[in-house]
Amino acid sequence: MVNTNRHPYFEPAREPEYVFRFPLDRKEGRVAVNLREMVARHLRKLLDLLNLTWRGEEVKIDGFSLLSDPEAIFELYPEPKSGPKRETCDPLDIYEPRLGYVRHLAESLLDVVEFEFQGRRVAVDGFRLRRPDQWLSTVGGAADILAHAASRCNLNCRFCYNLGSPPAFRPAPRAPEEEYREILTRISHYVPASGVGLFPRMGGPCEFLLHPRIMDLLAALRRKTQETIRIPTNGSLLGVQTIKRLTEFRPLFLDVSLNSASPTRRRWLMRDPRPDTAIESMACLQAAGLPYSVVIVPWPFPSTRDMIDDLKDTVAFADKSDPAFFQISLPGYSRFFAERELFDSDKVWMKIKETVRALRGKTNSPLILRPGLYEEYQDPESVNDPRPIGVIKNSPADMAGLRAGDRILTLCGLAVKNRPQARSLLTLLHQSDRNRIPMTVQRQGGKVDLELEPSRFDYPYDPRTVGNLGIVFASSGLPPSWIENLRRVVVLRRASCVLLLTSRLIQPALDKMIREQAHFSNVVLYLRVPVNHYFGGNIFMGDLLVVEDFVRAVHDFLDERLGRPDLILLPSSPFHLSGWGRDLRGTVYKELERRVGIPVALVHCDPIFD
Ligand code: SF4
């Protein structure tokens, strides 16, 4: 337990509430707007926030007429004019589009009127929230609040994902004191039990530990909640003293981007002037008993051979200091990062996958490849197989003798049919107060009975920081409930020709599940994979598709002349950021329907980085 009276960090903050301000785009002399166009713009903005209904049924509209002139119909969604595509969007339009609407409303009012105070014209260039607590929404957890402090980085990695992010997601640091006051206000409004808090403002976290008041913020969070805080860090500031201070804020879990255990390569790769700090931090974290994972982005330069040799050396080195697990991410880059092809992605990814698989069994800590589905997607049989790829050292699963490659057959006497079910059961059991968890596994053709004791564990496992009793799967698999959701939507919409757009990683397993389980009578279902045109580069993740990519995929499908769908189904994960159905450009998924003239529905599925 944290002693809140003992340490200076735990002095209660007496800061004034932060004022959330938003600038208005007030261009003097802007072209005067047609009043009818102003109404149309408002209606379009509103229709991106809500559905109109009549007697419980959704009503779609594509135009309006003014009561003063009912004959004149105004089209809401005329054909988009060709020209350069809009590259920027405001994160506000993604995370809290109602605020984006308020801003739009204010700006368009100021286009047609001027405000006065006591008879004199008042210039307005922004607005502020009257009551922040009116803007509460589901925000995730403590780590998401802390992410607002991670607005800058002290390194300059050759592969930095911030360089490959769309402009709206690039870090926009403000004065540290302003960020500090804002985060304190966020903490004060945070309701830990429900994960409700003030709407988020920015994505793209950089280095948390660089914020000069990070320890004060951790202390403030600890006064509010005892939940686990997971912090990604590049490790460059993880000196002995910092680690010692961090131990005061347990339960903490650190994802340390080591990337290379060679000082020469880390200096080159991350442009880290003091690579030894991060490299030595592994042993310090172990000594301090702080659980962590090691993150490695293998970067295929100067050659794939150098990358693989370094990957092996780095894993061998870090494994000695007991990370809970390794996360090895396939190297990716978008068109914002590089216009030209940087390397043969399939070749490099395959080489990394083979290396990771070969390393398994030789390390104490499990190796997870990210994205997990890449490992198995070409083998749909294995995607839902309840076989762990590893077990966290000293976890209840490890202590009970579970091994990588065992297939879980039963848990507490319940038959385990697939991986998503195994994971759900393990999550429930992890949170339960059971003393013993019987498990039967298939090993080398025979059956082995094991008994897991949740209270038997040691470092690096900590039940507060990792789940599933220490059992690690390659990916979360594809829940059969996904097919049920799909069927429900198709039946509800009375569709007979359905176009289902999915991602490259999901398609083979989804195709198999549909063929085996879906049994849609009198429904033709086509499965297609859109290309990530917007992100470009070698990005192929479905979660990074945007409406524009879906529009192109539908047009490509129509060009095949197989028939015109009466329903398009999209996975919900590319629109998961805020709960407002927006893609990463802030475009609402309904835009696809307007652009192609075919009804669109979302089917719930979790983001792939699970
Ligand atoms: S540590 Fe992360 S944010 Fe910083 S330069 Fe490297 S990739 Fe970018």
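Sequence positions, counted from 1, serve as the residue numbers for this chain. Read the numbers this way: they start at 1 and go in the same order the structure lists the ligands and their atoms.
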### Message
Is the contact between Cys153 and ligand 1 made by the side chain, the backbone, both, or neither, using heavy atoms and a 4.0 Å cut-off?
### Response
side chain
#### Entry: Any donor-acceptor N or O pair under 3.5 Å, side chains Ser257, Asn259
no
### Message
Show me which atoms of ligand 1 lie under 4.0 Å from any heavy atom of Leu155.
### Response
5 (S)
### Message
If you count every heavy atom of other residues, nucleotides or ligands that lies below 6.0 Å from Asp133 atom CG, does the total exceed 12?
### Response
yes
### More than 12 heavy atoms of other groups within 6.0 Å of Arg552 CZ
no
### Query
Under 3.5 Å, is there a donor-acceptor pair linking the side chains of Gln507 and Tyr377?
no
### Task
Just need the protein heavy atom nearest to atom 8 (Fe) of ligand 1, so name the residue and atom and give the distance.
Cys160 SG, 2.3 Å
### Numbering as shown, the atoms of ligand 1 that approach Asn234 to under 4.0 Å (heavy-atom distance)
1 (S)
### Message
Can you name the atoms of ligand 1, numbered from 1 with element, that are less than 4.0 Å from a heavy atom of Asn162?
### Response
3 (S)
### Query
Of the backbone and side-chain N, O or S atoms of Cys157, does one lie nearer to atom 4 (Fe) of ligand 1 than 2.8 Å?
no
### Message
Do the side chains of Arg585 and Asp583 get close enough for a salt bridge, i.e. N-O under 4.0 angstrom?
### Response
no
